[in-house]
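As structure tokens, the structure follows; a few thoughts come after it.
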Amino acid sequence: MTSTKPFLSALRGEAVQPAPIWLMRQAGRHLPEYRELRKNAKNFLDFCFTPEMAVEATRQPLRRYAFDAAILFSDILVIPHGLGQNVAFREGEGPVLAPVRSLDDIEKLQLDGVNDRLAPVFETVRELATTLDDNTALIGFAGAPFTVALYMIEGRGGTEGPNIRRWAAEKPDEFGRLIDLLCEATANYLIAQVEHGAEALQLFDSWAGLLPESLFRRWIIEPNRRIVEKVRDVYPDIPIIGFPRNAGVLYRDFAKQTGVSGISIDAGVPMDWAASELQPICTVQGNLDNQILLCGGEILDAEVRRIVDGLSGGPFVFNLGHGVLPPTPPEHVGRVVELVRQQTA
Ligand code: CP3
């Protein structure tokens with residue numbers, strides 16, 4: 001059955017008007033009701049693994065804003081947790097992991113049983129899939145291997161990845177073992193999300209832009225391509241969005257070579273380039289600057305109009321260039337939805 005949900009039509013290549021909209025990190029700390037709900041969990045991973053809370057966090061933004069898609073509430077770091085790595089989220093500090101720095105450390109990771117250890121996530125997906133309204137699509141997601149490996153190797157966020165970049169460059173055979181393992185675990189995890197009702201998938205490669213061209217091809221394009229291929233072996237028609245953030249002109253080869261249905265672009269990508277170079281290959285998603293969303297006012301209105309004007313001639317989904325920042329006033333998000341709904345090309 002072909003769905004008529006606007007977000008899914010856009011990912012099949014239609015120039016849907018008005019453009020469908022959702023925002024990366026639409027759930028979470030910018031919402032007071034999330035901050036309230038969050039107090040009930042002893043830590044963030046527990047929160048993600050309690051279906052009742054994760055379902056509620058997923059729904060919260062949909063009550064406020066007329067979004068076309070819900071994104072499963074979880075985190076990209078559930079995969080290292082599922083592989084047996086020690087992962088903790090500390091208040092005010094973000095994720096802290098026992099770093100993987102050697103072949104021995106890689107060999108300790110347990111691919112068998114990952115999906116069993118992540119079972120509560122699939123329960124959340126199932127509950128959402130059976131209760132969302134008819135026009136709202138459900139997006140499942142995972143981190144792409146390089147970005148997940150960055151946290152696994154560095155042991156925390158907020159770095160430029162000195163250890164991972166060195167390992168990837170100097171000992172590609174060793175590093176490749178970790179990437180292979182992540183491809184396998186991630187593909188299986190995404191397949192299970194679709195099995196439980198996810199209607200589209202996004203692969204977050206937030207740190208893709210750290211790599212020079214040759215390494216980008218090997219550690220960004222190739223692993224994303226393999227995951228798309230593995231998922232499509234089981235679900236040939238599932239729409240998949242790639243997000244190799246800050247890829248510059250390499251967005252084009254990423255889009256061509258991975259087989260994604262959509263590409264999410266950062267706020268620095270020029271509209272005319274995205275329209276002429278990317279839209280002929282796949283649906284473009286983006287790319288409002290999250291800082292401008294935080295500012296609001298005339299600059300916000302002008303930027304939304306510029307993006308919609310530039311991209312709604314082709315297949316397009318309105319989104320940010322990177323996730324909603326925690327101090328963002330909810331009214332600014334409401335304003336963006338209103339503007340996007342009003343404007344057609
Ligand atoms: O609304 C949504 O987008 C759904 C949920 C979601 C979260 N994280 C919830 C979250 C999604 C899709 C993610 C993806 C994610 N997680 C990425 C890729 C996207 C990006 O922003 O680049 C990355 C790199 C992570 C890893 C991660 N998770 C970090 C670095 C942190 C700490 C910093 C931060 O932004 O909070 C997290 C924690 C996290 N993930 C929170 C939320 C709501 C905050 C935790 C809390 O409430 O205490």
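For ligands, and for the atoms within them, numbers begin at 1 and follow the listed sequence.
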Compute the centroid of each ring, for Phe49 and then for Phe44, and state whether the two points are separated by less than 6.0 Å.
-> no
Basic-acidic side-chain contact under 4.0 Å: Glu199, Lys5 = yes
Lys42 bridged to Asp46 by N-O distance under 4.0 Å | yes
Check ion pair Asp253-Arg217 (N to O, under 4.0 angstrom) | yes
Could you see which bit of Thr58 sits under 4.0 Å from ligand 1, with heavy atoms only: side chain, backbone, both or neither?
-> neither
Based purely on interatomic distance, does Tyr151 place a nitrogen or oxygen under 3.5 Å from a nitrogen or oxygen of ligand 1?
-> no
With atom 19 (C) of ligand 1 as the reference point, say which of Cys48, Ser206, Ser264, Pro326 has the nearest heavy atom.
-> Ser206
Check: Trp219 ring centroid to Phe175 ring centroid under 6.0 Å = yes
In ligand 1, the atoms that come under 4.0 Å of a heavy atom of Ala27 are 1 (O)
Close-contact set for ligand 1 against His322 heavy atoms, below 4.0 Å = 20 (C), 21 (O), 22 (O)
N/O separation below 3.5 Å, Thr147 to ligand 1 | no
Ring centers of Phe7, Phe67 separated by less than 6.0 Å | no
Is any N or O atom of Arg38, backbone or side chain, closer than 3.5 Å to an N or O atom of ligand 1?
-> yes
Report the part of Arg245 in contact with ligand 1, treating N, CA, C, O as backbone and CB onward as side chain, heavy atoms under 4.0 Å; options are side chain, backbone, both, neither.
-> neither
